[in-house]
Amino acid sequence: MGIYDVPAAGLIEEVAKDLKTKIKQPAFAPFVKTGPNRERTPNNPDWFFHRAASVLYRIYKNGALGTGALRSYYGGRKNRGVRPEHKVKASGKIIRLALQSLEKEGLVKKDKKGRKISATGEKLLFEKAKIVAVGFKAAREKENTDLAERLAKAEDARQKAAEARAAQEAARKAALELAKKEAEKKAAAQAALAAQAPAAAGPQPAQKPAQEPGKGFTPTG
């Protein structure tokens, strides 16, 4: 697996661990910022080794580079309060010390445009890339396994939710059917009671028709 086949952050981390045993960190490292655009010193106490490893990777990727080009790459926007931000370069002394330390170990060598990667430096990057590739592959496999487990759990939860909805729908239909039957029974009972009420009362007597006024009166004299 090549250098570009692994994450750059992981590769730089591994190279920094190796450089920590080879180069010496400057005495001012705990007290300085990496550039005027930074507000505080780095939180990582081993930041100089990471910067040196990053410089080595950047030289391998971009070819021969000098201090000025690397200062521009590691620079950034400076907060100037109410005034507009300006792009500023990173500290040149830190980059020069990193280049000198890498050159002393034979990882880079001088070139017309600055310094370029050496065979030793390229070999170091390839060796560390193989180490990173193993961990990266294991992490990807674990990530795929976790993803498959999450998908399986989600599918199981979806099926259980579907079954619960189906059970609720069946219970609702059963309740509606039972209520319908009860209503039918109640209506039939009321109809039967209404039919039995006239028979129980018996035949009603015929009413005498009312006489009109003036008719049927016999005067006496």
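Numbers here are sequence positions counted from 1.
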Residues G106 and S118: closest non-hydrogen pair is O-OG, 2.5 Å

Closest non-hydrogen atoms of W47 and V32, given as atom of the first, atom of the second and distance, are CZ2-CG2, 4.0 Å

Look at the aromatic rings of F126 and Y60 and report parallel, tilted or perpendicular, splitting at 30° and 60°. perpendicular

Would you say [atom1] of [X] has more than 12 non-hydrogen atoms from neighbouring residues, nucleotides or ligands within 6.0 angstrom?
X   : atom1 : value
F31 : CZ    : no
K61 : NZ    : no
E39 : CD    : no
K87 : NZ    : yes
R38 : CZ    : no
K20 : NZ    : no

Heavy-atom distance under 4.5 Å between the side chains of [X] and [Y], does that happen here?
X    : Y    : value
L107 : I117 : no
H86  : R80  : yes
T34  : T41  : no

Please round to the nearest 0.5 Å and tell me the distance separating atom [atom1] of [X] and atom [atom2] of [Y].
X   : Y    : atom1 : atom2 : value
L65 : K113 : CG    : NZ    : 9.5 Å
E13 : D18  : CD    : CG    : 12.0 Å
L11 : I131 : CG    : CD1   : 10.0 Å
Y57 : L124 : OH    : CG    : 14.0 Å
K78 : N37  : NZ    : CG    : 7.5 Å

Please report the C-alpha distance between E155 and R158 in whole Å, then the side-chain angles of each, then the deciding distance to 0.1 Å, and finally whether the salt bridge (Lys or Arg N to Asp or Glu O under 4.0 Å) criterion is met.
-> CA-CA 5 Å; E155 181 64 21; R158 188 189 66 80; 2.5 Å; yes

- Is it possible for you to say whether I23 and F28 belong to one hydrophobic cluster, with membership spreading through side-chain heavy-atom contacts below 4.5 Å? yes

ILVMFWY network linking V108 to I3, side-chain heavy atoms under 4.5 angstrom: yes

Quick one, S91 with Y74, criterion side chain to side chain donor-acceptor pair (under 3.5 Å). Give me CA distance, side-chain angles, the key distance, then yes/no.
CA-CA 9 Å; S91 171; Y74 291 106; over 6 Å; no

Test salt bridge (Lys or Arg N to Asp or Glu O under 4.0 Å) applied to E169 and R172, step by step: CA-CA 5 Å; E169 183 65 18; R172 187 183 69 83; 2.6 Å; yes

*Using the salt bridge (Lys or Arg N to Asp or Glu O under 4.0 Å) rule, take E14 and K17 through it: C-alpha gap first, then chi angles, then the decisive distance, then the call.*
CA-CA 5 Å; E14 287 295 326; K17 292 179 182 177; 3.7 Å; yes

